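Single-structure report; data block below.
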Amino acid sequence: MPSRAKKILSPIPVVPNSEQSVTDMIRQSQSVFSSSDQDAIRSLCEQLVNLLIVSSSSDPPNTSLRKCVVKGFSHLREEQYENVLDECTKHLCEFFNRQGKEHRLEYISMLNYLIENFPFGLACILRMKNTISNQLIIIGEELWSDIQSTNVPHQRFNLFQQLQYYLKVVVFLLPKFQQELERDGIISRIIHEMLNDENTVTLEIRLTCSLVWHLLKDNDQLSPHEKLNRMTEVTEVTLSRLALYFGLIKTTMTNEMRDTSFFLQLLEDILAFKTRDATIMVGISKALETYSEALTSTWTGLDTVSLKDIAKQLLTFAWDHFSYNVETVRHCSANIYSNTFKITMNHSELRQTIIDSQLTLLKQLPWQKDGCSLAYHTLLEYLSVSDILQWNPKLPDSCLMAMNDRGLASEASYLYCVLCHKHYEEEKVKDKWKQIWLKPVVQALDTSSPLHRFLIAEYILPKIFKTHPDCLQDFKEMTMNPRTVIVCTRIGRTLGLCPNIFSLTSQSANEHELIRQGITSEDEQICLDCLFILCENPKTTECINEIEFQLIKYFLQMNIDNGTTSFRNQSISLLKKHFIRMKDSWLLCARQKLKNNAQDFDNLTERYRIHLKWLINWCCSNLYLEGSYAQRHLAILTLHWLIHLHGSDGIQTVCQKLKLYDFQELLDENSMEFLFNCLWDT
């Protein structure tokens with residue numbers, strides 16, 4: 001949906017209570033503007049314009065009031081504009097006629113808002129040509145004078161921001177106010193002075209200045225070749241000359257353009273600026289990015305040989321600068337590559353030639369090299385995965401091996417999974433697909449280093465299981481390694497793919513035994529994965545089975561002496577989820593009992609009560625000084641979160657309504673005294 005439509009259809013913005021009358025007025029605007037009462041319409045329009053002026057007179061502008069005004073004017077029909085313009089522009093003229101530098105940012109902000117946000121605002125601007133033109137000329141002179149007279153960095157930075165904002169407004173209004181804005185040649189003089197400034201003006205300002213220069217009346221009437229010739233006479237400053245090419249592309253390269261020689265000359269002239277200077281390279285990359293964007297709609301007028309030459313030069317520039325040390329250049333290079341590739345793919349004679357050349361290049365380069373990943377993603381829009389694998393059959397293994405590096409893991413997993421998912425749609429023989437994409441992952445999980453296994457589990461498995469849930473069972477069938485099964489089960493548990501893992505079936509019994517074995521594993525990550533399976537559940541209100549309680553008790557008993565701080569902290573983090581699930585599931589069951597819909601509530605409560613009592617006794621029994629620090633640390637943290645989460649008012653309130661015992665009854669007076677003494681000793 002276009003941004004303007006979003007603003008019109010969006011709900012009325014919330015304004016402070018003191019401005020509630022404003023909201024009421026906006027709500028009535030639709031009925032007022034739909035009526036035939038011209039006086040009421042004029043009155044409402046004047047009030048809305050005054051609100052807009054008030055919102056623009058504050059620093060920063062009051063965005064809530066501005067949105068209210070846009071919402072109100074959205075109901076004003078275009079045929080009603082003429083009846084209310086005079087009254088509205090009268091108030092706006094008073095606003096724009098105020099003198100003083102302190103108001104110039106308000107003027108620019110107001111103009112920008114009127115131009116961009118609602119049609120009636122633009123109609124008001126067109127009615128105030130002379131007033132607005134005079135102010136823009138004055139503001140331009142003041143801003144440029146202030147920039148030249150100050151050397152204070154933060155002041156100059158703020159002035160440049162205002163100047164950039166100002167120039168964007170001039171670029172929009174110059175074609176409509178050409179005669180008024182070019183009166184006395186003041187704006188033309190300012191633009192020429194900025195373009196000829198060697199050190200002060202930034203590249204961004206020069207780029208916008210170039211747009212203004214090309215829109216000036218004397219230049220706008222010239223042909224493209226005449227503009228090229230005149231540009232050489234404007235300035236000797238390299239950045240400004242480069243910026244003028246940017247402006248020429250923006251204002252000249254249109255669908256009607258059919259001059260092949262002009263396109264070639266323009267590209268050669270821009271590439272001739274290449275240098276080691278980073279600022280100039282940013283300008284070149286921005287100009288070529290704009291050139292490639294314009295070419296997407298004008299390439300049909302070029303002959304095949306010329307288009308091939310242009311595409312070759314643009315692709316070469318992109319490949320040469322994918323790894324440039326400036327982010328802007330790398331970003332522009334990526335856009336240049338994508339735009340150029342899109343153009344050539346739509347040309348029947350160039351399509352296969354470009355594809356073959358890019359595949360040949362990619363076969364010689366590791367996919368980790370800057371730009372290769374982008375090239376593969378771009379090729380996937382026009383080629384099948386099978387065709388890419390014919391050229392580079394080692395690509396899946398290369399992506400998988402890159403998962404050894406944390407810095408490459410995200411990009412490698414994304415490319416691997418994109419190729420995997422698209423190949424699944426293409427390949428009819430699913431067993432072949434599994435051998436190419438699933439089996440290498442299983443083998444890596446079975447045999448690789450801990451870091452490699454961890455990164456594969458965190459980045460690749462979730463992407464595959466989300467798109468292909470059935471693959472979870474395929475992974476389990478492909479491996480005999482319990483560690484791999486536990487890892488896959490943990491990821492599946494997170495995604496909600498193992499809802500019946502703790503049910504009383506023979507298959508679940510095997511899962512339970514596997515978790516029990518994993519709890520005693522020498523690999524700490526496997527132990528934590530087992531606890532994760534026990535504690536993590538997308539349904540936090542699902543009741544906890546007795547087998548889950550038993551396995552959690554077993555985990556605590558077998559890992560109480562683990563001396564790794566990170567292991568204990570992760571264990572506590574997972575146990576907190578377990579306690580929260582106990583609380584939420586019991587509260588849900590209690591609320592259902594209040595509605596007489598409870599299912600086995602008494603048994604559930606007793607089961608939870610027994611488990612919590614065991615936890616408290618277990619924690620307290622490990623708080624003695626004779627125990628290790630690891631024992632006391634894990635026990636006291638577990639006890640802390642147990643009391644913190646299950647001593648809340650929510651449970652207490654429900655229990656009182658039901659006249660039942662609650663979890664706090666477990667901590668009777670003797671237990672509390674014993675606990676206090678243990679904590680004090682610890």
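All of these numbers come straight from a predicted model, not from anything done at the bench.
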Are any of the side-chain heavy atoms of Asp523 and Pro450 separated by less than 4.5 Å?
-> no
Distance, nearest 0.5 Å, that separates CZ of Arg351 from CZ of Phe341 | 8.0 Å
With side chains defined as the heavy atoms from C-beta onward, is the minimum distance between Leu395 and Ile388 less than 4.5 Å?
-> yes
Under 30°, 30 to 60°, or over 60°: which ring-plane class applies to His468 and Tyr424, parallel, tilted or perpendicular?
-> tilted
Side-chain heavy atoms of Lys250 within contact of His214, under 4.5 Å | no
So does Tyr414 have more than 12 non-hydrogen atoms from other groups sitting under 6.0 Å from OH?
-> no
Going through the checks in order, is the side chain to side chain contact (heavy atoms under 4.5 Å, CB included) test met by Leu239 and Val201?
-> CA-CA 10 Å; Leu239 275 178; Val201 180; over 6 Å; no
Over all atoms of both residues, closest heavy-atom pair of Leu514 and Pro482 | CD1-CB, 3.4 Å
So, Ser240 side chain and Thr235 main chain: donor-acceptor pair closer than 3.5 Å or not?
-> no
Any donor and acceptor pair, going by atom type alone, linking the side chain of Asn219 with main-chain N or O of Trp213 inside 3.5 Å?
-> yes
Met401 backbone acceptor or donor facing Asn404 side chain under 3.5 Å = yes
Taking Tyr291 for its side chain and Phe263 for its backbone only, find out whether a donor-acceptor pair lies under 3.5 Å.
-> yes
Salt bridge flag under 4.0 Å for residues Glu327 and Arg330 = yes
Answer yes or no: is there a side-chain heavy-atom contact under 4.5 Å between Leu207 and Leu211?
-> no
Looking only at non-hydrogen atoms, find the nearest pair between Ser413 and Met403 and report the distance.
-> N-SD, 3.8 Å
Does NZ in Lys168 sit with more than 12 non-hydrogen atoms of other residues, nucleotides or ligands closer than 6.0 Å?
-> no
In terms of ring plane angle, is the pair Trp437 and His423 parallel, tilted or perpendicular, where the classes change at 30° and 60°?
-> perpendicular
Gln164 side chain to Thr208 side chain, donor-acceptor N/O pair below 3.5 angstrom | yes
Donor-acceptor contact present, side-chain Thr252 to main-chain Leu248, <3.5 Å = yes
Evaluate whether atom NZ of Lys176 has more than 12 neighbouring non-hydrogen atoms of other residues, nucleotides or ligands under 6.0 angstrom away.
-> yes
Spell out, as yes or no, whether a donor-acceptor pair under 3.5 Å connects the side chain of His347 to the backbone of Glu349.
-> yes
Going by distance alone, is a donor N or O of one side chain under 3.5 Å from an acceptor N or O of the other, for Thr479 and Asp446?
-> yes
Calculate, to the nearest 0.5 Å, the distance between atoms CG and CG belonging to Leu379 and Asp387 respectively.
-> 10.5 Å
What are the two closest non-hydrogen atoms of Cys530 and Ile515, and how far apart are they?
-> SG-O, 3.6 Å
Does a sphere of radius 6.0 Å around NZ in Lys217 hold more than 12 heavy atoms from other residues, nucleotides or ligands, not counting ones at 6.0 Å or beyond?
-> no
4.5 Å side-chain heavy-atom contact, Ser357 and Thr353 = no
Would you call Asp474 and Lys434 a salt bridge, taking side-chain N to carboxylate O under 4.0 Å as the test?
-> yes
To the nearest 0.5 Å, atom SG of Cys471 lies from atom CD of Glu477 at 11.0 Å
Report yes if some heavy atom in the side chain of Arg241 is under 4.5 Å from a heavy atom in the side chain of Met231; otherwise report no.
-> no
Take Phe262 and Lys227 through the side chain to side chain contact (heavy atoms under 4.5 Å, CB included) test and state the conclusion after the steps.
-> CA-CA 11 Å; Phe262 172 74; Lys227 282 188 177 182; over 6 Å; no
Are side-chain N/O atoms of Glu411 and Trp367 paired as donor and acceptor at under 3.5 Å?
-> no
Could you tell me whether a side-chain N or O of His452 sits under 3.5 Å from a main-chain N or O of Leu400, the two making a donor and an acceptor?
-> yes
Do other residues, nucleotides or ligands put more than 12 heavy atoms under 6.0 Å from Gln155 CD?
-> yes
For Thr467 and Lys463, indicate whether the former's side chain and the latter's backbone hold a donor-acceptor pair under 3.5 Å.
-> yes
Side chain to side chain contact (heavy atoms under 4.5 Å, CB included) between Leu163 and Met194, intermediate numbers included = CA-CA 11 Å; Leu163 181 60; Met194 290 181 189; 3.5 Å; yes
Approximate separation, where rounding is to 0.5 Å, of Ile460 CD1 and Leu455 CG = 9.0 Å
Nearest atoms (heavy-atom pairs only) where Leu222 meets Asp218 = CG-O, 3.5 Å
Walk me through it: do Leu174 and Ile187 pass the test side chain to side chain contact (heavy atoms under 4.5 Å, CB included)?
-> CA-CA 10 Å; Leu174 190 55; Ile187 287 185; 5.8 Å; no
Do side-chain atoms of Trp433 reach the backbone of Lys428 as a donor and acceptor pair under 3.5 angstrom?
-> no
Run the numbers on Arg453 and Ser448 for side chain to side chain donor-acceptor pair (under 3.5 Å), then give the verdict.
-> CA-CA 6 Å; Arg453 296 198 305 268; Ser448 291; over 6 Å; no
Enter the distance from Lys342:NZ to Thr378:OG1 here, rounded to the nearest 0.5 Å.
-> 12.0 Å
Which atom names give the shortest non-hydrogen contact between Gly140 and Ile190, and what distance separates them?
-> C-CD1, 3.6 Å
Does some side-chain heavy atom of Ile456 sit less than 4.5 Å from a side-chain heavy atom of Val487?
-> no
Straight-line distance of Leu216 CG to His192 NE2, nearest 0.5 Å = 7.5 Å
Could you tell me whether the side chains of Asp529 and Gln525 share a donor-acceptor contact shorter than 3.5 Å?
-> yes
Mind checking whether Val237 and Arg206 have side chains closer than 4.5 Å, heavy atoms only?
-> yes
Smallest separation among heavy atoms of Arg156 and Ile147, with atom names | NH2-O, 3.3 Å
When you measure from the side chain of Thr494 to the backbone N and O of Arg490, does any donor-acceptor pair fall under 3.5 Å?
-> yes
